[in-house]
Amino acid sequence: MTNKKEPKIEIKDLKFCHNGKVLLCVDYLRIDSPGITVIVGPNGAGKSLLLKLIQGIELPSAGQIRLNGLPISDKRQSQSMVLQTPILMRLSVYQNMSMCFERKNFFISASEKQKIIDILSRVGLGKKLSAPAKLLSGGEKQKLSLARSLISNPSILLVDEPTSTIDPNTTMLIEGLIKDQSKKGTKIIFVTHDINQAFRLASDAIMIYQGKIVEQENVISFFENPKSDFTKNYLAGKLLV
Amino acid sequence: MQFINETLSLAWGLILGFDSKVFEIVWLSLKVSLTSLILSCLFAIPLGIILGVYKFVGRNFVVLILNTLMGLPPVVVGLSVYLLLSRSGPMGWMNFLYTPYAMIIAQFILIFPIISSLTCQKVEELNSEYKDLFVSLRVKKTQQFLIFFLDSRFALLTIFLAGFGRAISEVGAVIIVGGNIDHVTRMMTTAIAMHTSQGDLSLAMALGIILLLIALTVNLLVFSLRLFVKRYGYD
């Protein structure tokens with residue numbers, strides 16, 4: 001573990017409306033525990049929306065989100081996000097990394113170049129540096145997307161269901177990378193609707209249902225002794241909404 | 001039919017014999033068209049990227065004007081540039097009228113809206129595609145500009161070739177501001193018009209064939225580029 005100070009996410013009176021309908025309503029949520037916080041819930045519950053609001057991709061209709069006491073738009077924030085569907089540019093694998101990399105000068109230095117190659121090798125794309133990113137397989141695209149988010153060494157990494165469409169082997173590899181990054185001191189917030197994956201990764205968990213936070217507990221309490229009936233039913237596989 | 005065959009035969013004779021008069025006209029046409037095209041790209045591509053990325057007051061108006069100017073009649077451009085560059089005009093002191101510079105200015109005005117408008121459309125598409133990516137990775141604006149430029153490089157090359165096609169085949173504006181002066185401002189299109197009216201059909205036909213070959217080469221380049229882009233996943 002590094003000595004990085006644990007980032008604190010604080011959400012107050014958050015509301016997100018679309019076409020007059022409230023899609024997400026969070027009175028208060030505080031995430032300041034170390035490790036991986038997993039957000040679970042059925043499809044359409046508002047998990048991805050919450051992540052997009054924390055990253056600033058969507059803007060709230062009301063309320064505020066603060067990271068370490070600062071607004072999310074503050075330039076000092078160093079969080080990044082892995083999107084559910086990777087968005088890759090019509091460039092090579094290496095260029096997809098280098099173009100999004102916050103470099104010191106216009107041209108990339110030798111050490112920065114080495115850093116990119118190291119991260120790509122870590123995710124298993126070290127031999128595909130010059131391959132067009134659009135021609136990668138689904139799993140490779142997701143690995144590249146993850147590598148691109150890790151390059152800036154963020155203090156918070158938001159991960160939105162990265163393994164929902166990929167095979168079990170790649171899923172395990174991506175989970176391993178995320179656990180490694182967490183051990184390095186990056187706070188991970190991971191969205192999934194897969195209970196088993198949540199159990200494998202989480203140090204604490206949040207349950208969302210119909211745009212509201214139903215439960216927030218550490219992993220043992222969440223899985224062994226859930227407080228809400230909804231969480232109990234969901235974990236038991238009873239809820240099919 | 002024999003008349004056409006004779007004309008064609010003489011025309012091919014001029015081309016294959018590297019007739020100095022023919023190739024002097026071709027060389028001037030290429031020089032003027034490429035210069036105006038490069039100058040247009042230098043200004044129109046950054047403008048297209050800015051219009052595609054930023055939403056500012058009056059932006060829609062600028063886009064509307066550029067789209068309208070895409071169909072600008074060349075003779076109107078020729079007339080406007082003529083008025084500007086004529087001795088009594090505001091830019092008359094430059095003495096550009098009836099020189100290749102005047103033709104470059106006229107072609108610049110004709111190509112500029114095409115390049116900037118098509119670049120703007122492409123960048124708008126990319127901006128909506130990459131909006132979430134840029135926020136998710138907090139990519140700086142300067143880097144976003146570079147990404148738009150690199151990502152759309154093949155589309156920009158196609159736009160470049162479209163601009164070249166417009167410039168090289170243009171006749172209305174360059175004949176007004178260039179005056180079709182022998183050895184000075186005689187371009188392929190203006191020479192074809194003049195030699196046809198004079199009955200020197202072999203020379204007009206030779207220039208016509210070269211113009212067609214240039215158009216064919218440009219189209220072949222665009223076609224090959226599209227194939228390459230699809231094949232190597234840059235589509």
Side-chain angles (χ1 to χ4, degrees), chain A residues 48 51-59 72-93 95-103 105-108 128 130-137 141 144-152 154 156-160, chain B residues 42 45-46 48-50 52-56 118-161 221-235:
Chain A
S48 299
L51 229 57
K52 284 183 175 178
L53 284 161
I54 294 173
Q55 182 63 20
I57 291 174
E58 297 288 353
L59 297 173
I72 49 168
S73 56
D74 194 284
K75 282 183 179 171
R76 283 167 288 178
Q77 302 291 7
S78 71
Q79 85 267 29
S80 60
M81 181 171 171
V82 180
L83 299 163
Q84 189 172 5
T85 311
I87 302 173
L88 301 176
M89 294 171 283
R90 291 164 191 83
L91 301 168
S92 70
V93 168
Q95 285 170 321
N96 260 275
M97 293 287 285
S98 62
M99 293 310 295
C100 295
F101 180 50
E102 197 179 320
R103 76 281 299 265
N105 301 308
F106 183 79
F107 294 105
I108 284 193
K128 293 202 168 182
S130 54
K134 292 267 182 187
L135 292 187
L136 296 177
S137 69
K141 281 179 181 169
L144 175 58
S145 177
L146 179 63
R148 213 167 42 180
S149 301
L150 296 177
I151 191 88
S152 58
I156 301 171
L157 180 65
L158 309 166
V159 190
D160 187 7
Chain B
L42 282 177
I45 290 174
I49 295 178
I50 289 167
V53 175
Y54 292 107
K55 304 277 178 273
F56 52 86
L118 293 177
T119 306
C120 170
Q121 280 172 28
K122 183 66 198 170
V123 171
E124 253 184 331
E125 272 174 39
L126 290 179
N127 197 30
S128 68
E129 187 183 343
Y130 295 154
K131 199 177 64 178
D132 287 0
L133 171 75
F134 292 152
V135 181
S136 72
L137 297 175
R138 296 183 164 250
V139 180
K140 283 180 184 170
K141 272 278 182 234
T142 45
Q143 270 173 276
Q144 287 181 27
F145 268 65
L146 196 59
I147 288 170
F148 287 135
F149 185 76
L150 285 178
D151 195 290
S152 60
R153 62 202 181 282
F154 295 117
L156 287 178
L157 206 51
T158 310
I159 294 168
F160 182 87
L161 292 172
L221 283 173
V222 173
F223 184 73
S224 314
L225 195 65
R226 282 198 186 132
L227 281 183
F228 171 84
V229 163
K230 275 200 174 152
R231 189 170 173 186
Y232 292 98
Y234 293 113
D235 196 6

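Reminder, nothing fancy here: chain letters follow the sequence lines and each chain counts from 1. Since we're looking at a predicted model, the values are computed, not measured.
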For Lys230(B), I'd like to know if atom NZ has over 12 heavy atoms of other residues, nucleotides or ligands within 6.0 Å. no
Would you say CZ of Phe149(B) has more than 12 non-hydrogen atoms from neighbouring residues, nucleotides or ligands within 6.0 angstrom? no
So for Gln144(B), is it side chain, backbone, both, or neither that comes closer than 4.5 Å to the heavy atoms of chain A? neither
Output all residues satisfying side chain to side chain contact (heavy atoms under 4.5 Å, CB included) with Leu161(B), sequence neighbours left out; order by chain, then residue number. Val218(B), Leu221(B), Val222(B)
Measuring only between side-chain heavy atoms, which start at C-beta, is Leu150(B) closer than 4.5 Å to Met89(A)? no
Which residues pass the side-chain hydrogen bond (donor to acceptor under 3.5 Å, both in side chains) test with Glu125(B), not counting sequence neighbours? none
For the interface with chain A, which of Lys131(B), Arg138(B), Lys140(B), Glu129(B) has the highest count of heavy-atom pairs at distances below 4.5 Å? Arg138(B)
For the atom pair CZ (Arg90(A)) and OH (Tyr130(B)), what is the distance rounded to the nearest 0.5 Å? 4.0 Å
Answer with side chain, backbone, both or neither: which region of Leu88(A) has an atom nearer than 4.5 Å to a non-hydrogen atom of chain B? backbone
Is it the side chain or the backbone of Ile87(A) that comes within 4.5 Å of chain B heavy atoms, both, or neither? both
Test item: Met81(A) and Asp132(B) side chains (from C-beta on) under 4.5 Å apart, heavy atoms: no
Is there a side-chain contact between Leu91(A) and Arg153(B), using heavy atoms and a 4.5 Å cut-off? yes
Are more than 12 heavy atoms, taken from residues, nucleotides or ligands other than Phe56(B), located less than 6.0 Å from that residue's CZ atom? yes
Counting heavy atoms not belonging to Arg231(B), are there more than 12 under 6.0 Å from its CZ? no
Pair count under 4.5 Å, heavy atoms only, with chain A: among Val139(B), Asp151(B), Val135(B), highest is Asp151(B)
